S.K.: 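First, the structure itself, so that you have it in front of you.
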Amino acid sequence: MIYSIPMAWLGDISVQVILHETIRNLYFHVTMWFAMIAVFAGSMVYSIKAMRGGNRHNDIRAEQFAVTGMMFGFIGITTGMLWANYTWGAPWVNDPKLNGSAVSLLIYMAYFVLRGSVTDPVRRMRVSAAYNIFAFVMLILLIGLMPRLQDSLHPGNGGNPAFGEYDLSNSMKRVFYPAVLGWILIGFWIAGLRAKSKILNHQLTEE
Amino acid sequence: MLKRIFLLLKYEAMLEFRNKALTGSLFVYVISTVFVCYRSFQSVNSAEVWNALFWIVVLFSSTNAVLRSFQRENKGNALYFYQTIRPEELILAKITFNYILTLLLIAGTIPAFWLLLGNPVQDISTFIMVSFLAAGAFSACLTLVSAMAGKSANAAGLTPVLGFPVILPVLMVAIKAAGNAAAGMELSSYWDLPVVLAAFNIIIVVLSYFLFPYLWRD
């Protein structure tokens, strides 16, 4: 938990600096996706560890990272829907990035369903770890492939100008990149705390 | 290793085709699904709808086929395998067998669609090539997922839940490529889509190869 203090501090910066225009959503919505993917990646790393080492604690960590990633995913979708409602006129449009995010949430819901339906803990660890790894790889492929298959309405895709070209001034960049980093670290922090409490709980019930 | 995979393949085929009614049920499933589509749509005028329907039917019927691959065996067999062969060999054999089964199913689905819903596909050879490539990715992906679902109490219900979100990228590439073939576009303008499908095959098989031993261990 040594890294939690500078992390929370960085996170604070990202929350406090708000431009009162719709572009301020950039700090929240876009960073959510970065954080979600990073936390899911963390979950996968713990799954690999759990699978190789057979350590129950890594299994708990993988689960809690996935929970946190889901949380970021939901926030990302909500902020995106708010933004889309004003700019595209509808909260949900047929856009590859929206579909990609919906699929990623479906994948992790399936992950929790799988965890819920296997009762033996060791078996659950192996099976859910394998699914987590498999699903994450497919998710990354999906995200990487989407733009090739369909134009996106998102800024920077399909002939839409990216924010970076017009609006993203240097001062905003100075906030945006720390914000990305801050949210990622906050994600890891939350997930780490959750995992810690679960692990303690687990140890208590075992004793 | 290849020899043992081949032996396992033969064993799988023997198990599968011993009960002809079960194998037949897969084909009846396809035909009745296509018939349901035919009766609900009356006629399919656009190639896009035809294509989408085709892939949905293929997805569901291949799920149905692959689902059973880990339920066929009883406990004694599993124990015997556990001592005599490596898990990598088993998963490769199962994937190969399911691939063949899915190909057979697709070979049954295409004529059924032509007969009942017409044939809007212009570039037939490319369409068939795309569906064969997609069948490989479907069967490999579903085989691995059904191995996972088989560890739970409710394998039949869990396989689609786990498999469909994961299979979606494959399905989207396949629909896009098959749609282009149906519209009669030149293969050279979208040659990368079949290549992506082939890459999916390789990635999924490699992942199964490495992940399955951990699934199998208990």
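Please read all numbers here as calculations on a predicted model, not as lab measurements. Naming convention: chains lettered A, B, ... in sequence-line order (proteins, then strands); numbering from 1 in each chain.
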S.K.: Contact part of B/Phe200 toward chain A, heavy-atom cut-off under 4.5 Å: side chain, backbone, both or neither?
M.R.: side chain
S.K.: Compare every heavy atom of B/Leu215 with every heavy atom of A/Ala130, then report the nearest pair and how far apart it is.
M.R.: CB-CD2, 3.9 Å
S.K.: Quick check: do A/Met138 and B/Leu168 have side-chain heavy atoms less than 4.5 Å from each other?
M.R.: no
S.K.: If I compare all heavy atoms of A/Val103 with all of B/Pro165, which pair ends up nearest, and what's the gap?
M.R.: CG1-O, 3.6 Å
S.K.: For a quick test of reading the model, state the closest non-hydrogen atom pair linking B/Met148 to A/Phe134 and the distance between them.
M.R.: CE-CB, 4.4 Å
S.K.: Which one wins on heavy-atom pair count under 4.5 Å against chain A: B/Leu211, B/Leu162, B/Val161?
M.R.: B/Leu162
S.K.: Tell me whether the count of non-hydrogen atoms from other residues, nucleotides or ligands lying under 6.0 Å of CZ in B/Phe210 goes above 12.
M.R.: no
S.K.: Name the option with the most non-hydrogen atom pairs under 4.5 Å to chain B; the candidates are A/Leu114, A/Val137, A/Thr119.
M.R.: A/Leu114
S.K.: Tell me, with the steps shown, if B/Phe164 and A/Leu106 meet side-chain contact (heavy atoms from CB on, under 4.5 Å).
M.R.: CA-CA 9 Å; B/Phe164 285 177; A/Leu106 273 181; over 6 Å; no
S.K.: Is the count of non-hydrogen atoms from other residues, nucleotides or ligands lying under 6.0 Å from B/Gln122 atom CD greater than 12?
M.R.: yes
S.K.: Please determine whether the number of non-hydrogen atoms from other residues, nucleotides or ligands lying under 6.0 Å from atom CZ of B/Phe132 exceeds 12.
M.R.: yes
